[in-house]
Amino acid sequence: MNMILKAVSKLKWTKPSSQARQFSLTITPPVASCNTITRNSSSLLDDFTRFCYQRDLPRAMKAMHAMQCHGVRADSVTYAELIKCCLARHAVEEAKLVHNHVLSGGFEPETFLVNILLNMHVKFSLLEEAQVLFDQMPERNVVSWTTMISAYCDAKMNDKALELLIFMLREGVRPNMFTYSAVLRACDSLIILRQLHCGIIKVGFESDVFVRSALIDIYAKLGELRNAECVFNEMPTRDLVVWNSIIGGFAQNSDVDEALNLYKRMKRAGFAADQSTLTSVLRACTGLALLELGTQVHVHVLKYDHDLILNNALLDMYCKCGSLEDAMSVFSRMIQKDVISWSTMISGLAQNGYSQEALKLFESMKVSRIKPNYITIVGVLFACSHAGFVEDGWNHFKSMKKFYGIDPGREHYSCMIDLLGRAGKLQEAVKLIHEMPYEPDAVTWRALLGACKVHRNTDLAICAAKKILNLDPQDPGTYILLSNIYANSQKWDEVAEVRKTMRARGITKEPGCSWIEVNKQIHAFNVADSSHPQIDKINKHLKHLIQKLVGVGYAPDTNYVLQDLEGEQKEDSIQYHSEKLAIVFGLMSLTQGKTIRIRKNLRICGDCHTFAKLTAKMENQTIVIRDPIRYHHFQDGNCSCGDYW
DNA sequence: ATAGGGTTAG
């Protein structure tokens, strides 16, 4: 904790880096200050051509200016060279002059040269200007169309991109594989994607690697991993981007195991990971809380210390693996930080129980002049709600529109309901639900239900649970909770009713499962599971540990009805909850003193929470448990959540 | 001359 505080105070702020420059299409007349000494036009042209090919931008610009005064023009290929040079140096002002020069003097430049100008506008993010130029072009070929389509895809104007494809076909211009690989990115529905895919197969472009990687990526983005895999498996040749597309696809679709398998296959196939691969692998580590693998990947990230996206992924990995010291050290060393870096760190601190530090960091963020976004504020409100900072929460909530121009959204309201509810202001929370400008959804009611659990308000809990089940009839946890509430009040008819509904809807209770990484191997434990090879030893050890804990006042609590967030305890197997097995296995197999890190699929129950606190104290051992919502750092008999989750 | 892959919450 102290380390984190120190790290927060030592942070250095990076200056904002946006310096968007304006650049218009207006053609300015030649400047009047031309050198009056007459020069031979062919020597002017020679100079210009030489400078262009030498990529000597300043001299080329001077030469061009002289040519303009004397009405001399070069050939298109030379101008193309010059434009490439401007692009490479991001020389917007110079590009503007070249553009004016090329289009002035009543000449009609060749299509390929205008295409290069078009592309230049797109690369400098001047979409509107590009469209004007495109509209003025007397002749537009595949390249012109593809450039525009690609530009609209970059701007996420999917509809416009698809519309252009139709205009293009109407004008009789046939799309090529460049066009298809670009336009595929504009698919936001499966129907459109399937239609385009048909067309691609029909014209025989499916064999192109670019088209295939675009297909894989977009199928994965639309959640159709099987189709993505089909395209991938059929490929005779693959390149790094294709591998990255499929690995990224699985990493982003929570089939993280498969992403890691593919990463291994990729390496076996002889490809070296690049920034994109590493980002996806880190995301996979994040999902599975694989700190050891993630730390290994960190070594490879070091050579890409200028890559913001990759470093953000690294930062998130450490946060989500509960290793805040590492996260802070990455954060403070990052060369460049953007909203995502800040938001990740703020949420990371908050989820790990460091609410105060999260809010402090938010203050520093304001100083750094990086503007918070929607997600940043969610993190800030999360920090407030999990620390019981009602007043701070209200202040941030009320001022977000005024200070940051962000309208409070559903998630912000849910955080506020959570905040009020946890603080015991259940009626105020209900009031806010009625006042908010959105229809409450399952997340909203779950926030209220969480508060009912903390404050043991059975009636309101039943009401909230019913609302959740109306909106999300597939949520096993809520059925179990409802049934447990009824059981606790001995309303057996209602219990039977809930069970009946569950059966009728085919809903089965998700079994509790915990994972722990030991020697780069993942060990999984289910409730009362006996499949682990060392289970007998683990059970023996667990019994022994429980006896020792009882000696210091531990009383296994089997009546955590409202506290029980996963509904495992009615299984008569509370002492075999998956996290207990994982903790014991960690004690047995990790080197003494090494933090035990566990990830689980359901929320931790009250009994296991007490068990973990006492174990941490008795064994002098740090234990970190990540549940689907937040983190618990157990140390010296306490938990970072302050018994408030 | 035009094309494909990676980051934050719930």
Side-chain angles (χ1 to χ4, degrees), chain A residues 76-77 79-80 83-84 87 110-120 122-123 140-151 153-154 175-185 205 208-218 220-221 239-249 251-252 259 273-284 286 304 307-317 319-320 338-348 350-351 372-382 409-415 418 441-444 446-447 628-629:
Chain A
S76 300
V77 180
Y79 288 125
I83 295 166
K84 273 190 236 162
L87 265 175
E110 291 150 78
T111 306
F112 99 86
L113 184 57
V114 187
N115 280 340
I116 292 172
L117 283 174
L118 198 61
N119 181 247
M120 180 190 79
V122 171
K123 291 279 152 63
R140 292 179 287 219
N141 59 18
V142 215
V143 179
S144 335
W145 284 100
T146 304
T147 304
M148 286 314 292
I149 288 175
S150 176
C153 290
D154 286 342
N176 59 16
M177 44 264 239
F178 289 75
T179 323
Y180 279 114
S181 54
V183 81
L184 277 169
R185 287 191 295 143
F205 291 146
D208 183 74
V209 250
F210 281 74
V211 173
R212 288 195 115 121
S213 58
L215 278 169
I216 291 169
D217 180 60
I218 201 73
K221 288 219 165 74
D239 67 1
L240 185 58
V241 177
V242 174
W243 280 104
N244 287 344
S245 305
I246 192 81
I247 293 172
Q252 287 158 50
D274 72 353
Q275 292 104 305
S276 175
T277 330
L278 294 175
T279 306
S280 295
V281 172
L282 281 172
R283 186 172 166 144
T286 305
Y304 301 114
D307 192 314
L308 183 56
I309 297 179
L310 180 54
N311 277 282
N312 282 343
L314 181 68
L315 181 63
D316 192 41
M317 185 276 294
C319 287
K320 296 264 163 58
D338 65 357
V339 218
I340 297 186
S341 329
W342 286 95
S343 308
T344 304
M345 197 64 237
I346 290 171
S347 303
Q351 287 170 326
N373 67 12
Y374 192 98
I375 296 174
T376 320
I377 310 293
V378 173
V380 169
L381 295 179
F382 186 97
R410 269 223 165 75
E411 287 83 356
H412 301 115
Y413 275 96
S414 294
C415 282
D418 189 82
D441 63 2
V443 178
T444 318
R446 261 187 218 113
I629 304 289

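The structure displayed is predicted, hence computed values, not measured ones. Order of the sequence lines fixes the chain letters, A, B, ..., with proteins taken first and strands second; residue numbering starts at 1 for each chain.
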Select base, sugar-phosphate, or nothing to describe what N115(A) touches, counting heavy atoms under 4.0 Å on all strands.
base
Could you tell me whether the side chain of N141(A) has a donor or acceptor atom within less than 3.5 Å of a complementary atom in the base of dA1(B)?
yes
Reckon K320(A) touches a base, only the sugar-phosphate, or nothing at all at heavy-atom distances under 4.0 Å?
sugar-phosphate
Using 0.5 Å steps for rounding, measure from the CD1 atom of I309(A) to the OG atom of S276(A).
8.5 Å
For dT8(B) and Q252(A) - does any side-chain N or O of the residue sit under 4.0 Å from the phosphate oxygens OP1/OP2?
no
Would you mind classifying the nucleic acid contact of S213(A) as base, sugar-phosphate or nothing, using non-hydrogen atoms under 4.0 angstrom?
base
Give a yes/no on whether any side-chain N or O of R185(A) is located under 4.0 angstrom from OP1 or OP2 of dA3(B).
no
Within the modelled atom types, does a donor on one side and an acceptor on the other bring the side chain of N312(A) and the base of dG6(B) under 3.5 Å apart?
no
So, do F210(A) and dA3(B) meet the stacking rule of ring centres under 5.5 Å and planes under 30°?
yes
Give Y180(A) one of three labels, base, sugar-phosphate or nothing, depending on what nucleic acid heavy atoms sit under 4.0 Å from its own.
nothing
Under 4.0 Å, heavy atoms only, any strand: does V241(A) hit a base, just the sugar-phosphate, or nothing?
base
Please classify the nucleic acid contact of E110(A) as base, sugar-phosphate, or nothing, using heavy-atom distances under 4.0 Å.
nothing
Mind checking if R283(A) touches a base, just sugar-phosphate, or nothing, with heavy atoms under 4.0 Å?
sugar-phosphate
Does R212(A) reach a base, just sugar-phosphate, or nothing at all? Heavy atoms under 4.0 Å.
nothing
4.5 Å side-chain heavy-atom contact, P372(A) and W342(A):
no
Heavy atoms under 4.0 Å, any strand shown: does V211(A) hit a base, just sugar-phosphate, or nothing?
nothing
Just checking N311(A): base, sugar-phosphate only, or nothing, at a heavy-atom cut-off of under 4.0 Å?
nothing
Return yes if the base of dG4(B) and the side-chain atoms of D208(A) contain a donor-acceptor N/O pair under 3.5 Å, otherwise no.
no
Looking at K123(A), does any N or O in its side chain come under 4.0 Å of the phosphate oxygens OP1/OP2 on dA1(B)?
no
Select one nucleotide: of dA1(B), dG10(B), dT7(B), the one nearest the side-chain heavy atoms of V378(A).
dG10(B)
With a 4.0 Å cut-off, would you call D217(A) and K221(A) a salt bridge?
yes
Give one of base, sugar-phosphate or nothing for V183(A), where a contact means two heavy atoms less than 4.0 Å apart.
nothing
Tell me, please, which residues at least two apart from K123(A) pass salt bridge (Lys or Arg N to Asp or Glu O under 4.0 Å).
none
By side chain to side chain donor-acceptor pair (under 3.5 Å) - contacts of D316(A) (at least two apart)
K320(A)
Quick check: any donor-acceptor pair below 3.5 Å linking the side-chain of S343(A) to the base of dT8(B)?
yes
Which nucleotide in the set dA9(B), dG4(B), dT2(B) lies at the smallest distance from any side-chain heavy atom of N176(A)?
dT2(B)
